[in-house]
Number of protein chains: 2
Amino acid sequence: MGRMQTMDALGDPVRRRIVELLAAGTRPAGELARSVGDAYGISQPAASRHLRVLREAGIVDSEIDGQRRLYSLRREAMDDVATWVENVRAFWDQRLDALETEIARGNRARRDSRTTPGA
Amino acid sequence: MGRMQTMDALGDPVRRRIVELLAAGTRPAGELARSVGDAYGISQPAASRHLRVLREAGIVDSEIDGQRRLYSLRREAMDDVATWVENVRAFWDQRLDALETEIARGNRARRDSRTTPGA
DNA sequence: CAGATAATTCACCCTTGCGTTATATAACAA
DNA sequence: TTGTTATATAACGCAAGGGTGAATTATCTG
């Protein structure tokens, strides 16, 4: 079901926070590091490492801009997650539908057996 | 942004597989353990541990049925993930919209400065 | 060139997470 | 009761992940 190193990488609150920040637009690494640094009490190198993981998972892109790195969200990454969830949901709903028809069938059967001079 | 121990727990391929299996309907622990055991080469206790994590994250429910445990997917868990993704996407799209109007504004300004006897 | 700034990488520590085997608990079957 | 099946828990080892400070690379500034 899809390319899921995406969800592997998103199984970390710091990285999810970075994604949330990037949802608002492209940001330099330093700003991201400060944000999550403040929020989670981690150092700048730690944040940089998280950025690397996100990069390698194809969740973000980075672009050089002078002496800084601009990070941006890759839309497709979010699509991956959405697709996975939608598939799970679809299966689940289909199961529920099947259950309903099953129940309906059961009701019909029960009704019939009552109406029919069987018992 | 929401209750996200959900995504923490889903940052593991075995657990995602279990969720996928449960999407098709309620299943006893043993069957799940066999499935992911075969697929990932892990033991029954290992699978049981994964089920525990999913349970504690509120992703699955378990119900006793004689000597077995029936596991089922909690729909709301999938909603959590979907909501998170949708929020990120919404922010992102909104940013794109803003960018577009910005570009439009820029074009207008450029056009005007050409038309206007300014330079 | 000599700083200063931005970011990454390195070397290392330490905790957490996942795996294993062995054991416990509980329900069913004989 | 004894045995078997289903599942969970315990105890423990090991690898991975995430954190840190120090060092490296690269760009900008005076």
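Just so we're on the same page: letters track the sequence lines, and every chain starts at 1. All values reported here derive from a predicted model rather than from experimental measurement.
- Looking at A/Arg74, its side chain does come within 3.5 Å of a backbone N or O of A/Gly58 through a donor-acceptor pair.
- Side-chain N/O atoms of B/His50 include none lying less than 4.0 angstrom from OP1 or OP2 on C/dG17.
- B/Asp80 pairs with exactly one of B/Leu10, B/Thr6, B/Ile59 by the side chain to side chain contact (heavy atoms under 4.5 Å, CB included) rule, that one being B/Thr6.
- Hydrophobic clustering, with ILVMFWY side chains joined whenever heavy atoms are under 4.5 angstrom apart, groups B/Leu21 together with B/Met78.
- Within residues 9-18 of chain A, the residues approaching DNA chain D are A/Asp12, A/Arg15, by heavy-atom distance under 4.0 Å.
- The side chain of A/Tyr71 places an N or O atom within less than 4.0 Å of a non-bridging phosphate oxygen (OP1 or OP2) of C/dT8.
- The side chain of A/Gln67 approaches D/dC28 more closely than any other nucleotide in the set D/dC28, C/dT8, D/dA10.
- Between B/Arg16 and B/Glu20 there is no salt bridge, since no side-chain nitrogen of the basic residue lies less than 4.0 Å from a carboxylate oxygen of the acidic one.
- Of the residues near DNA chain D, A/Gly41 and A/Ile64, the one whose nearest nucleotide (by heavy atom distance) lies more toward the 5' end is A/Gly41.
- Put simply, CG on A/Leu70 is 8 Å from P on C/dA7, counting in whole angstrom units.
- In this structure, A/Gln44 atom CD and C/dC10 atom C1' are separated by 14 Å, rounded to whole Å.
- The nearest whole Å value for the distance from the CD atom in B/Glu56 to the P atom in D/dA8 is 12 Å.
- When each of C/dT8, D/dA6, D/dA8 is scored by its nearest atom to the side-chain atoms of B/Arg68, the top-ranked nucleotide is D/dA6.
- Picking from C/dT8, D/dG19, C/dA6 the nucleotide with the shortest atom distance to the side chain of A/Ile42 gives D/dG19.
- At whole-Å resolution of the value, CG in A/Asp65 and P in C/dT8 are 13 Å apart.
- Residues satisfying the salt bridge (Lys or Arg N to Asp or Glu O under 4.0 Å) criterion with B/Arg55, sequence neighbours excluded, are absent altogether.
- A salt bridge does not link A/Glu31 to A/Arg34: none of the charged side-chain nitrogens sits closer than 4.0 Å to a carboxylate oxygen.
- With hydrogens and angles ignored, the 3.5 Å screen pairs no side-chain donor or acceptor of B/Arg69 with any backbone N or O of B/Ala29.
- Rounded to whole Å, the distance from CZ on A/Arg34 to C1' on C/dA7 is 12 Å.
- With D/dC28, D/dA6, C/dT20 as the candidates, the nucleotide lying closest to the side chain of B/Ala46 is C/dT20.
- One finds no salt bridge joining A/Arg89 and A/Asp93 here, because no Lys/Arg side-chain nitrogen approaches an Asp/Glu carboxylate oxygen to under 4.0 Å.
- Within residues 23-31 of chain A, the residues that place at least one heavy atom under 4.0 Å from DNA chain C are, in residue-number order, A/Pro28, A/Ala29, A/Gly30.
- Taking atom OH of residue A/Tyr40 and atom P of nucleotide D/dG17, one finds them 19 Å apart after rounding to whole Å.
- Where A/Gly66 and B/Arg52 meet DNA chain D, the nucleotide closest to each residue was compared, and B/Arg52 sits on the side nearer the 5' end.
- B/Tyr71 contributes atom OH, which lies 12.0 Å from atom OG1 of B/Thr26 (distance to the nearest 0.5 angstrom).
- Between A/Arg69 atom CZ and D/dA26 atom P the separation is 9 Å, expressed in whole Å.
- Phosphate proximity of D/dG19 to A/Ser43: absent, as no side-chain N or O sits under 4.0 Å from OP1 or OP2.
- B/Ser48 places no side-chain N or O within donor-acceptor distance of the main-chain N or O of B/Gln44, the cut-off being under 3.5 Å.
- When the C1' atom of D/dA8 is taken as reference, atom CZ of B/Arg49 falls 11 Å away, rounded to whole Å.
- Using a 4.0 Å cut-off, some side-chain N or O of A/Arg55 falls inside it from OP1 or OP2 of C/dT8.
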